[in-house]
Structures are given as C-alpha cells and as structure tokens.
K.L.:
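This structure is in structure tokens; I'll ask about it shortly.
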Amino acid sequence: MFDRTGPQSLVCTSCDARYALSDPVWRCRCGGLLAVLYTPRFDRRRIGNSGSTLWRYRDALPLARETQPVSLGEGFTPLLQGMLAGVPVYLKQDHLLPSGSFKDRGATLLITQAAAMGVRRVVEDSSGNAGAAIAAYAARAGIACDIYVPEDASGTKLAQIRAYGATVHLVPGGRAAAAEAALAAAEEAYYASHVWNPFFLHGTKTLAFEIWEQLGWKAPDTLVLPAGNGSLLLGVALGFEELLAAGQIRRLPRLVAVQAARCAPVAQALAAGQAALQPVEAEPTIAEGIAVAAPLRGGQMLNVLRRTGGEAIVVSEQEIAQSLRAWWRLGYALEPTAAATLAGLARYVQQGGHQQETIVSTITGHGLKAMAPVEGLLV
Ligand SMILES: Cc1ncc(COP(=O)(O)O)c(C=O)c1O
Ligand SMILES: [Zn+2]
C-alpha cells in the first residue's frame, strides 16, 4: 500500500502507543500528542520535475501512494532577497498562498489525509487564518466544515470562513470555551486542529523544503519565525530535522522565535531557563495570530529553540506598527501579525554581527485580510 520503507504509523509522544496512519485519530487515548512515524525520501531530480506547488515534495509527505492531493495550487512561494539595516535577508512570500496565509500548507495536507480516510465532516476552533485555511480546503474537498469561535470574534477572516461555506458557531466564554466546544463536536467529526493534528505540521514543514531548494539545496544559517501555537516554528524544525536525518544538510539552522511583548510565554520561559511554559500575564496585542498565552506545544517550542542554538525576540506594539507601515510603503501587503515577525527580524539584524549569515524570514499573512486594523495603524 505504501511506497516507502520503514514503519508508518502514528505514535504517541507520551506513552508510545501506535495507531495506523489510516486511523482517523488526532490525539492518543491517553491524551498525548501524536507524531507521524515514517521515513521521508528526497530525490532532487524528482523534486525538480514535479510541478510548482508544495506537492513537489510528495515523496517526503506521510501519505499513501494512491492518495489524491486536495489542492488549490499552493506552495513554492517566491523567496525574495532584500536588505534590512545593511544586512541581506530573504523573505518567503507565504501571504500569497490560496487563502492568504501560511496555514494553507498545513490545511492542504490535513484535509488531503482526512479526505483519503473518508472523513465527511471536520471541526476546528479558530477565528483566524487557520479557520480560513481549513474552511477553504474542506470546500475544495466537498467536506462539511464547522468552525467554533468566541462569540465576540468578527472581521474579514470570519467572513472569509463563511464565504467558503463553513458553518461558524459563536461560543460564549472566550477562546478556551471555543476549543472546548470544538473538542465536544469532535466526538462526531474529525478534529482538523492546527494545534493537535500531526498532519498539519507535515504540511507546514514544506516551508523548510522550499527554502532549502530555493537557496540551492542549502539550509540557511538563521530563520526568524513567529511563535503563537508553533505550527510554523515546529513544522519548519521538523522539515530541517528530516533533511538532516536524510543527509541533505549538514546542520540545523538557528531558529529565532518572535513573540509580542504583550504575550510572550515562550520568550519568558527561555529567558528563565525553564523546561516548561509557566502561566504568563497576557494583554491584547495587534499581532492577534501570535497572541497565545498557554500554547499546547510550548515545551516542544522551547526544545527546538534550545536544540538549534536559537533565541526568542519580543517586539512592542509600537515596533509592530512601525514595521507594518515600513513594509506596506515598500509594496508588501502584510497583516499585523506578519509585521510582528518582521519587526523581530529587524531587531535580530540590528543586534549586529549577522552580516555573514544567510537569514530567512517569512510573510505569514496577507494584509487584505485585515484592512480595518491595517488602516487604523497606518494613519
Ligand atoms: C499571520 C499569522 N502569522 C503567524 C501566526 C502564528 O502561527 P502559529 O500559531 O502556528 O505559531 C499566525 C497564527 O494564526 C498567523 O495567522
Ligand atoms: Zn498516549
């Protein structure tokens, strides 16, 4: 059934229980996070001949051979080079993905696997880009989609979710209550969670593969990435770990995580040398996509930052607004959360001593999804 060697299964990261890849579980019965156990394959000639979407890395994705991708033509986004404070930097244009954010990478893989398993209904809790991406790919696959959001959620992203035909459920009681409602609904449906579902990370890891290829089959020295729930940070770490294990690169790039000063649990735990995240005081930030006070995968994020010799940078609301203005004035349509990452990138290069590094960052979300806040910040 599978065209790759080695065991292929889902494995629990807490108790080591195994499940078949074709089993529609998204969490271990012990409550632990699941990971995919399999061996990816990298054949540079095959990659180069496999079309200009992220499906060119199909051999490195944990899917059965007969599985048909649920695709909207995503991936292989341009990698542009520019200068920031006199330092050359590369920027991946992931805001150009079909639903307007990097979450399409995770959604295409998750929904592809869901469709292959015969899933007829998915549920998710996100009023933002993850909800929009899951709704888009569910629409493409003809799968019913229910998205649970806090009752005060509003804005273009919610309209986008509805426009794809998903049903939006407004839940009283905030973000945690929306997650609870989605969990309850997941008893009857497949939980297409960008936080829990391991297939999502196997989609976001394609950002690592694309950067590696676009740099001439080389890993950069440093990657500056946003850190909310970690679906990008952990996916990119996974991608480079797979390239390292396959002998395609010699060492892992340093990962630099950017958080908003108003909500910085990872940065605070790293600075304090803690092994696990501690509860933090969080205030609202204009970088709503990284406003996650208690991320489920916080410990994993700390691990990858330490393992790669990385660091965390926190940026103020003022720096985020300045970054947003500066990049729009250069022609880049980005949303405030994406501007936060680039504010972190500016901080990183301004530390000095990085002139000789190959530094890559990414524009994670399109500004047209957030024109009301963008307009407010530009005046
Ligand atoms: C535009 C944008 N950038 C970055 C992030 C952070 O991603 P993650 O929560 O996976 O760390 C998000 C999450 O919603 C987002 O919407
Ligand atoms: Zn378990």
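Just so you know, these numbers use all the heavy atoms, side chains as well, and skip hydrogens, waters and symmetry mates.
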K.L.:
Determine yes or no for a side-chain-to-main-chain donor-acceptor pair under 3.5 angstrom, with Arg121 supplying the side chain and Tyr190 the backbone.
P.N.:
no
K.L.:
Taking the side chain as everything from C-beta on, heavy atoms only, tell me whether Val315 gets closer than 4.5 Å to Ile313.
P.N.:
yes
K.L.:
In the hydrophobic clustering that connects Ile, Leu, Val, Met, Phe, Trp and Tyr at side-chain heavy-atom distances below 4.5 Å, which members other than Tyr164 occupy its cluster, ordered by chain and number?
P.N.:
none
K.L.:
Report whether Val236 and Phe200 are members of the same hydrophobic cluster (ILVMFWY, side-chain heavy atoms less than 4.5 Å apart, transitive linking).
P.N.:
no
K.L.:
Do you see a donor-acceptor pair shorter than 3.5 Å between the side chains of Thr285 and Glu317?
P.N.:
yes
K.L.:
Indicate yes or no for a side-chain donor-acceptor contact from Ser323 to the backbone of Ala339 under 3.5 Å, with no hydrogens or angles considered.
P.N.:
yes
K.L.:
Between Glu335 and His366, is any side-chain donor less than 3.5 angstrom from a side-chain acceptor?
P.N.:
no
K.L.:
Look at the side-chain heavy atoms of Ile, Leu, Val, Met, Phe, Trp and Tyr, link any pair under 4.5 Å apart, and say whether Val122 and Val168 land in one connected group.
P.N.:
no
K.L.:
May I ask you to decide if Thr67's main-chain N or O and Gln113's side chain share a donor-acceptor pair within less than 3.5 Å?
P.N.:
no
K.L.:
Under the side-chain contact (heavy atoms from CB on, under 4.5 Å) test, which residues partner Ala276, sequence neighbours left out?
P.N.:
none
K.L.:
In Å, rounded to the nearest 0.5 Å, how long is the span from OG of Ser22 to CG of Leu10?
P.N.:
9.0 Å
K.L.:
Taking the side chain as every heavy atom from C-beta outward, state whether Leu201 and Arg297 have any atom pair closer than 4.5 Å.
P.N.:
yes
K.L.:
Got a second to check how far Leu96's CG is from Phe76's CZ, nearest 0.5 Å?
P.N.:
14.0 Å
K.L.:
Could you grab the distance from atom CD1 of Ile286 to atom CD of Gln318, nearest 0.5 Å is fine?
P.N.:
10.5 Å
K.L.:
Just do the side-chain contact (heavy atoms from CB on, under 4.5 Å) check on Cys28 and Ser14 with the steps written out, would you?
P.N.:
CA-CA 9 Å; Cys28 181; Ser14 298; over 6 Å; no
K.L.:
Distance-only check: which donor-acceptor pairs under 3.5 Å involve side-chain atoms of residues 243-252, not counting sequence neighbours?
P.N.:
from, atom 1, to, atom 2, distance (Å)
Gln248, OE1, Arg44, NE, 3.1
Gln248, OE1, Arg44, NH2, 2.8
Arg251, NH2, Asp221, OD1, 3.4

K.L.:
Would you say Thr112's side chain and Thr108's backbone share a donor-acceptor pair under 3.5 angstrom?
P.N.:
yes
K.L.:
May I ask you to test the Val360-Leu79 pair for a side-chain heavy-atom distance under 4.5 Å?
P.N.:
yes
K.L.:
Only pairs at least two apart or in different chains count here, so list each side chain to side chain donor-acceptor pair (under 3.5 Å) that has a residue in residues 134-145.
P.N.:
Glu74-Tyr137
K.L.:
Is there a donor-acceptor pair under 3.5 Å between the side chain of Gln160 and the backbone N or O of Ser99?
P.N.:
yes
K.L.:
Determine whether Gln268 and Gln278 make a side-chain contact, defined as any pair of heavy atoms from C-beta on separated by less than 4.5 Å.
P.N.:
no
K.L.:
Taking salt bridge (Lys or Arg N to Asp or Glu O under 4.0 Å) as the cut-off, I'd like each qualifying pair that reaches into residues 105-118, sequence neighbours left out, listed once.
P.N.:
Asp94-Arg105, Arg105-Glu210
K.L.:
Measure the shortest side-chain to side-chain distance between Lys369 and Asn129 over non-hydrogen atoms and say whether it is less than 4.5 angstrom.
P.N.:
yes
K.L.:
Taking the side chain from Ser126 and the backbone from Gly131, do they hold a donor-acceptor pair closer than 3.5 Å?
P.N.:
yes
K.L.:
Identify the heavy atoms of Ala35 and Pro198 that sit nearest to each other, and give their distance.
P.N.:
CA-CB, 4.3 Å
K.L.:
Is the number of heavy atoms from other residues, nucleotides or ligands under 6.0 Å of Glu281 CD greater than 12?
P.N.:
no
K.L.:
If the condition is salt bridge (charged side-chain N to carboxylate O under 4.0 Å, His left out), which residues does Arg262 pass it with, not counting sequence neighbours?
P.N.:
none
K.L.:
Please state whether the rings of Tyr348 and His354 are parallel, tilted or perpendicular, taking 30° and 60° as the class boundaries.
P.N.:
parallel
K.L.:
If we only count heavy atoms from C-beta on, is the Leu342 to Leu91 side-chain gap below 4.5 Å?
P.N.:
yes
K.L.:
Indicate, with yes or no, if Leu97 and Val70 share a hydrophobic cluster defined by side-chain heavy-atom contacts under 4.5 Å among Ile, Leu, Val, Met, Phe, Trp and Tyr.
P.N.:
no
K.L.:
Hey, what do you get for NZ (Lys103) to OG1 (Thr364), rounding to the nearest 0.5 Å?
P.N.:
8.5 Å
K.L.:
Please check if Leu54 and Leu232 belong to a single hydrophobic cluster, counting links between Ile, Leu, Val, Met, Phe, Trp and Tyr side chain heavy atoms closer than 4.5 Å.
P.N.:
no
K.L.:
Does some side-chain heavy atom of Glu180 sit less than 4.5 Å from a side-chain heavy atom of Arg175?
P.N.:
no
K.L.:
Using atom types as modelled, flag every donor-acceptor pair under 3.5 Å from a side chain in residues 371-379 to any protein atom, sequence neighbours excluded.
P.N.:
none

K.L.:
What residue pairs, at least two apart or across chains, pass side chain to side chain donor-acceptor pair (under 3.5 Å) with a residue in residues 301-312?
P.N.:
Glu241-Arg307, Arg254-Glu311, Glu311-Gln351
K.L.:
Atom CD1 of Ile290 and atom CG of Leu233: how far apart are they, to the nearest 0.5 Å?
P.N.:
11.5 Å
K.L.:
Check which hydrophobic residues are tied to Val171 through side-chain heavy-atom contacts below 4.5 Å, counting indirect links as well, and list them.
P.N.:
Trp26, Leu33, Val123, Tyr148, Leu183, Tyr191, Val195, Trp196, Leu296
K.L.:
By side-chain contact (heavy atoms from CB on, under 4.5 Å), which residues pair with His202, not counting sequence neighbours?
P.N.:
Val36, Tyr38, Pro62, Leu109, Lys205, Leu238, Glu242
K.L.:
Can you tell which of Leu80, Thr358, Leu223, Ile359 makes a side chain to side chain contact (heavy atoms under 4.5 Å, CB included) with Tyr90?
P.N.:
Thr358
K.L.:
So, the side chain of Ser9 versus the backbone of Val11: is there a donor-acceptor pair under 3.5 Å, distance only?
P.N.:
no
K.L.:
Drop me the distance from Thr39's OG1 to Arg41's CZ, to the nearest 0.5 angstrom.
P.N.:
11.0 Å
K.L.:
Is a donor from one side chain sitting under 3.5 angstrom from an acceptor on the other, for Glu213 and Tyr57?
P.N.:
yes
K.L.:
Please step through side-chain contact (heavy atoms from CB on, under 4.5 Å) for the pair Leu34 and Phe199, ending with a clear verdict.
P.N.:
CA-CA 10 Å; Leu34 296 175; Phe199 287 96; over 6 Å; no
K.L.:
What about Val314 and Leu302, same hydrophobic cluster or not, with Ile/Leu/Val/Met/Phe/Trp/Tyr joined at side-chain heavy-atom distances under 4.5 Å?
P.N.:
no
K.L.:
Can you check whether Thr77's main-chain N or O pairs, donor with acceptor, with Lys92's side chain at less than 3.5 Å?
P.N.:
yes
K.L.:
Ignoring hydrogens and angles, tell me if any N or O in the side chain of Thr337 forms a donor-acceptor pair with the backbone of Gly289 under 3.5 Å.
P.N.:
yes
K.L.:
In chain order, what residues pass the side-chain hydrogen bond (donor to acceptor under 3.5 Å, both in side chains) check against Ser50, with sequence neighbours excluded?
P.N.:
none
K.L.:
Output, in order, the C-alpha distance, side-chain angles, deciding distance and verdict of side-chain contact (heavy atoms from CB on, under 4.5 Å) for Phe42 and Trp212.
P.N.:
CA-CA 12 Å; Phe42 301 95; Trp212 164 67; 4.2 Å; yes
K.L.:
Quick check against the 3.5 Å criterion: does Asn229 have a side-chain atom that pairs as donor or acceptor with the backbone of Ser231?
P.N.:
no
K.L.:
Test: salt bridge (Lys or Arg N to Asp or Glu O under 4.0 Å). Region: residues 128-139. Which pairs qualify, not counting sequence neighbours?
P.N.:
none
